[in-house]
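For reference, the structure is listed below as structure tokens.
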Amino acid sequence: MLFNRKKNAHEEKIDPHNLPRHIGVIMDGNGRWAKKRHLPRSAGHRAGADTFEKIVKYCDKIGIKAITAYAFSTENWNRPKEEVDNLMNLLYEYLLQAEEKFAGKNIILRVIGDRSALSDKINKAIDHAIEITNGNTGIVLNMALNYGGRDEIVRAARIAAADALNGKIGISDINEDYLDRHMYTADNPPVDLIIRPSGEKRLSNFLLWQAAYAEFWYSDINWPDFSEKDMEQAIIDYQKRSRRFGKI
Ligand code: IPE
Ligand code: IPE
Ligand code: MG
């Protein structure tokens with residue numbers, strides 16, 4: 001009703017001088033989106049992939065420097081084989097279209113996570129997609145595949161142990177800065193905002209290290225329904241937060 005209309009994103013605007021530098025997105029709710037429509041879960045994942053593309057393009061357009069999208073977690077292997085196969089096939093199909101999806105666009109593709117568990121076929125397709133986008137200068141898109149925050153920290157700890165054993169560093173060199181430089185996201189700006197749609201309010205092993213002082217935004221919308229307007233709203237809400245980092 002007009003007289004009772006709430007102030008919303010149509011009236012509020014993003015402040016281009018206070019953008020989150022790096023946004024993490026937990027792309028959740030594909031299955032529930034499909035269930036509501038009496039469709040197979042695979043249809044939800046497919047719809048989710050379209051949303052992913054749309055949102056990345058929007059983030060690049062408004063000037064976000066980096067986005068990390070959680071596409072497959074280290075725990076997602078525990079799903080039924082049919083679902084895992086379906087997700088891997090969808091990923092492969094997506095990467096095969098890399099030329100048309102990424103060439104000439106401003107997106108720099110990276111993959112974070114343990115790629116050793118992915119098939120050779122998928123790894124080749126990833127390498128190809130990364131190569132195509134190498135010369136680009138716009139948004140960095142980290143696709144988190146077989147990614148787990150704990151796994152990432154274990155990996156950094158192993159690098160530290162090896163460096164110490166080889167005499168490259170001393171124990172006191174292993175500090176926050178060192179570990180930060182050995183996270184997958186080392187070259188990216190700090191994660192300022194983590195978004196989780198689908199109504200869940202947990203990190204599910206996403207960017208554990210990086211989340212220490214990230215702002216968290218959640219919504220009940222299932223990922224396939226997530227729109228540019230929702231991303232705009234998340235950023236507007238982020239810009240109203242008071243980030244204190246322990247200070248007063
Ligand atoms: C997210 O959607 C996609 C992946 C985890 C790969 P889900 O498949 O988790 O969807 P819900 O949570 O069952 O609705
Ligand atoms: C998180 O979603 C992983 C991805 C979106 C890739 P999940 O659906 O796996 O998380 P849980 O199981 O609900 O915590
Ligand atoms: Mg889920």
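This chain uses plain numbering: 1 for the first residue, then up along the sequence. Counting convention: from 1, in listed order, for ligands and their atoms alike.
With ligand atoms numbered from 1 in the order given, ligand 2 contributes 11 (P), 13 (O), 14 (O) to contacts under 4.0 Å with heavy atoms of R202.
Side-chain contact check for N106 versus K61: every heavy-atom pair is 4.5 Å or farther apart. Counting heavy atoms from C-beta on, the side chains of C59 and I67 come closer than 4.5 Å. Looking at L95 and K101, their side chains never come closer than 4.5 Å, going by heavy atoms from C-beta outward.
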Salt bridge (Lys or Arg N to Asp or Glu O under 4.0 Å) between E215 and K240, intermediate numbers included | CA-CA 11 Å; E215 292 295 324; K240 290 182 195 151; over 6 Å; no
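Ring geometry, Y70 versus Y147: the interplanar angle exceeds 60°, so the pair is classed perpendicular (tilted spans 30 to 60°).
For ligand 1, the protein residues placed under 4.0 Å by at least one non-hydrogen atom are M27, D28, G29, N30, G31, R32, R41, H45, A71, N76, R79, E83, L87.
Around the Mg ion (ligand 3), the protein atoms of type N, O or S that sit closer than 2.8 Å are D28 OD1.
Residue pairs satisfying the ring pair (Phe, Tyr, Trp, His ring centres under 6.0 Å) criterion with at least one member in residues 158-179, sequence neighbours excluded, are listed as follows: Y178-H182.
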Per-pair distances, 0.1 Å, donor-acceptor, side chain in residues 216-224, under 3.5 Å, sequence neighbours excluded:
from: W217; atom 1: NE1; to: D237; atom 2: OD2; distance (Å): 2.9
from: S219; atom 1: OG; to: I221; atom 2: N; distance (Å): 3.1
from: W223; atom 1: NE1; to: G48; atom 2: O; distance (Å): 3.0

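For the residue pair T74 and R150, no side-chain donor N or O sits within less than 3.5 Å of a side-chain acceptor on the partner. No side-chain donor-acceptor contact under 3.5 Å links E12 and Q239.
Proximity of a side-chain donor or acceptor of R110 to a complementary backbone N or O of Y184 within less than 3.5 Å is not detected.
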